[in-house]
Amino acid sequence: MTHEGSILTAADLAGNGVHGDDPDRHGKFGIFGGRYVPEALIPALDEVASVYEKAKNDAQFLREFDHLLRTYAGRPTTLTDVPRFSEQAGGARIVLKREDLTHTGAHKINNVIGQALLTKRLGKKRVIAETGAGQHGVATATAAALLGLECVIYMGAVDCERQALNVARMKLLGATVVPVHNGSRTLKDAINEAFRDWVTNVDTTHYLFGTVAGPHPFPEIVRDFARIIGVEARRQMLELTGRLPDAVCAAVGGGSNAIGIFHAFIDDRDVQLHGYEAAGRGLDSGEHALTLTAGSVGVLHGSRTYVLQDDEGQTIESHSISAGLDYPGVGPEHAWLKDTGRATYHGVTDDQAMAAFSLLARTEGIIPAIESSHALAGALELGRELGPEATILVNLSGRGDKDMGTAMKYFNL
Amino acid sequence: MTTLQTVFAKAKADNRAALVGYLPAGFPSKDGAIAAAAALVEAGCDVIEIGLPYSDPLMDGPTIQDAVHRSLINGTRIADVMRTVEGVAATGAATLVMTYWNPIDRYGAERFARDLANAGGVGTITPDLTPEESGTWREASAAAGIDTVFLVAPSSTEERIQAVAECCTGFVYAASLMGVTGARESVNVAAEGLVKRTRAHTDLPVCVGLGVGTGAQAAEVAGYADGVIVGSAFIRRMLDAPDEAAGRASIAELAREMAQGVRSRG
């Protein structure tokens with residue numbers, strides 16, 4: 001399936017089915033995942049699954065995807081050693097995977113290009129998407145512009161406000177941005193609204209889902225398209241350090257960047273996998289997005305997974321300074337990785353994340369996304385734990401340009 | 001307790017369709033919901049679906065979202081839903097709960113089925129529970145002696161209709177259109193075809209919901225379906241009414257029009 005100069009193979013995309021954790025035909029990772037959606041959407045989900053199944057083994061599709069990742073998204077992204085930042089981690093060697101350097105400034109572009117190509121194969125002309133921080137919305141609007149698709153983005157009204165710059169970017173790219181005023185007016189409500197649009201317009205429209213959550217096959221498809229992050233990083237770590245890292249760190253909201261970098265390391269049992277959720281103002285404050293660390297098993301947005309919910313199954317609103325992590329659910333594969341013990345999940349508060357945000361800027365000249373700053377804060381602590389001999393790979397999932405408004409307020413800049 | 005089987009047998013004997021009304025528990029208030037449902041029964045609804053308010057109603061349009069949101073602000077809990085069912089069942093109507101899956105999952109399937117049966121409820125409609133995931137719920141419902149109703153849609157393939165119909169007891173809910181709940185100008189033409197296709201797979205009654213808002217539409221749907229389901233049109237009137245009493249009067253008026261509709265098959 002490879003071709004001259006290719007960075008991508010069918011195995012890269014799908015892990016070649018070697019992992020015991022691949023979902024079954026109902027999209028189940030253990031007890032997690034599945035489909036809890038209106039029956040009306042089942043044919044569309046089946047269609048997406050079958051078109052994807054063909055595409056991922058089709059050399060032509062892989063070539064197109066590969067081509068756009070290299071010539072449009074800017075892959076492969078580099079690794080960067082951050083020695084001055086690492087000093088604060090007890091001397092452990094921290095290495096960043098620079099997804100912030102991709103086109104549009106975050107890892108979201110990988111999944112979006114893959115699904116936009118799938119949209120063409122589905123014969124559909126319109127894409128819709130939800131967005132929290134706006135990064136997935138911007139990436140979707142970008143791919144839609146590139147491939148000539150009509151694009152509608154649903155975004156919580158609260159998020160529209162805190163990510164005004166990204167709203168403007170989406171509009172400039174030709175997308176229609178619909179502010180969602182229902183419920184908590186954040187990501188979860190944007191997803192509800194996108195599902196309502198999809199069930200109404202499913203004949204013409206693909207729901208370009210932005211994270212590894214939602215009904216089967218989205219957790220699998222989004223993971224496979226994000227998987228290139230870890231595939232590259234694993235190879236690059238071997239080149240750079242001569243061995244695999246001791247640990248891989250990533251921020252977890254819905255969980256796509258984390259699965260993207262984790263997945264290629266799952267069979268490397270000596271490599272620790274650490275996910276960092278938003279602890280917001282702290283667990284005890286009740287204002288957090290600690291789905292895996294403090295939530296319980298339930299069903300949200302079509303999938304069985306960990307959820308922030310009350311004793312009667314009503315979703316509890318999440319909080320995070322970072323819009324991209326402000327989500328009361330999480331992808332079912334993370335729920336599975338947690339319960340099997342293969343990955344460990346922790347909370348990082350708003351304040352810890354903002355300290356890491358500022359530290360990376362001052363010590364390395366890199367302004368990270370606040371989402372990614374949660375992983376950076378986690379790596380600082382993990383480094384002190386593992387000691388100076390340890391090497392830690394961190395997914396720098398996005399850049400912080402979009403977060404300047406929040407930073408100005410937080411730091412009184 | 002009036003069962004669904006009794007309702008549909010009687011409607012069939014009268015050569016008419018059954019009228020099914022939907023209202024969420026806790027809207028416009030906890031007691032107001034019982035009174036409103038009683039008004040619907042009085043005006044001619046044979047079956048009442050009591051909605052269990054849920055924070056993320058992704059199959060519902062703006063009207064039901066609004067009512068459910070108000071209900072949750074009113075502090076509606078599952079105990080209130082059961083109390084509502086008890087009050088409505090006492091009027092003699094067959095009373096179901098319509099709910100997204102997560103509240104049942106969290107409450108415990110067996111416990112929910114038992115509590116619902118004890119409250120006089122005759123079954124549930126679960127719009128986001130697919131046949132693949134429905135095993136636990138069907139077992140719990142059978143043990144408690146309540147019916148399970150699932151949805152088919154215009155997009156459903158023959159295989160899916162077959163699979164859904166096999167999971168249903170009581171009746172099959174045919175969603176008339178591809179979309180969310182809410183009254184429409186006209187009932188989608190796809191509905192009749194879907195009812196026909198569904199009948200090929202089951203002897204159960206087939207009821208049509210989504211988009212029915214007038215007596216004329218009810219009559220049209222009654223021409224090919226065993227039951228006509230109306231929700232948003234009632235709720236819209238209650239939302240627009242100046243107070244609960246006016247809302248009740250207004251939905252009773254519409255229900256009478258609908259009841260006439262299901263008796264004058266188009």
Side-chain angles (χ1 to χ4, degrees), chain A residues 24-28 31 33-47 180-184 188-205 214-216 296-305 307-317 328-329, chain B residues 52-62 65-66 68-69 72 76-81 99-108 112 126-134 150-157 159-161 163-164 167 172-182 190 194 210:
Chain A
D24 69 12
R25 70 189 179 85
H26 296 305
K28 286 292 180 74
I31 64 162
R35 283 177 180 172
Y36 296 83
V37 292
E39 187 63 29
L41 287 177
I42 296 291
L45 292 168
D46 281 343
E47 187 188 16
V180 177
H181 293 277
N182 311 325
S184 59
K188 86 170 175 75
D189 309 287
I191 293 176
N192 291 339
E193 207 55 28
F195 269 113
R196 292 180 187 119
D197 180 316
W198 201 31
V199 76
T200 309
N201 301 299
V202 70
D203 282 346
T204 60
T205 300
H216 174 66
S296 51
V297 176
V299 170
L300 180 65
H301 293 140
S303 184
R304 174 174 296 278
T305 184
V307 179
L308 292 179
Q309 59 181 341
D310 72 10
D311 63 329
E312 294 202 338
Q314 306 289 347
T315 309
I316 295 174
E317 289 177 16
Chain B
L52 192 157
Y54 176 54
S55 51
D56 293 274
L58 61 74
M59 216 195 114
D60 286 305
Q65 282 179 50
D66 191 355
V68 159
H69 181 67
L72 287 172
T76 304
R77 306 244 322 154
I78 290 175
D80 299 307
V81 175
T99 180
Y100 292 89
W101 174 242
N102 197 48
I104 298 183
D105 190 72
R106 184 75 169 146
Y107 192 81
F112 192 97
T126 44
D128 64 345
L129 194 59
T130 53
E132 290 81 359
E133 309 291 353
S134 70
F150 299 92
L151 278 70
V152 292
S155 60
S156 299
T157 59
E159 292 74 23
R160 293 300 300 183
I161 292 175
V164 171
C167 294
V172 180
Y173 189 130
S176 71
L177 50 80
M178 296 298 291
V180 295
T181 57
L194 177 60
L210 300 196

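Numbered from 1 within each chain, the chains take letters A, B, ... in sequence-line order. All of these numbers come straight from a predicted model, not from anything done at the bench.
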Determine the option with the most heavy-atom pairs under 4.5 angstrom with chain A, choosing from B/Ile78, B/Thr130, B/Leu52.
B/Ile78
Below 4.5 Å, heavy-atom pairs only: which of B/Pro53, B/Pro57, B/Ala175 has the largest tally toward chain A?
B/Pro57
Verify side chain to side chain contact (heavy atoms under 4.5 Å, CB included) between A/Tyr36 and B/Glu133, making sure each step is shown before the conclusion.
CA-CA 8 Å; A/Tyr36 296 83; B/Glu133 309 291 353; 3.1 Å; yes
Using non-hydrogen atoms only, which part of A/Gln309 is less than 4.5 Å away from chain B: side chain, backbone, both, or neither?
both
So, the part of A/Pro43 with a heavy atom under 4.5 Å from chain B: the answer is side chain
[X] versus chain A, heavy atoms under 4.5 Å apart: side chain, backbone, both or neither?
{"X": "B/Asp66", "answer": "neither"}
{"X": "B/Pro127", "answer": "backbone"}
{"X": "B/Asp105", "answer": "side chain"}

Does a salt bridge link A/Glu39 with B/Arg160, judged by any charged N lying under 4.0 Å from a carboxylate O?
yes
By salt bridge (Lys or Arg N to Asp or Glu O under 4.0 Å), B/Arg77 pairs with (sequence neighbours left out) A/Asp311, A/Glu312
Mind ranking A/Arg35, A/His26, A/Glu317 by heavy-atom pairs under 4.5 Å with chain B and telling me who comes out on top?
A/Arg35
Which residues satisfy the side chain to side chain donor-acceptor pair (under 3.5 Å) test with B/Ser155, sequence neighbours excluded?
none
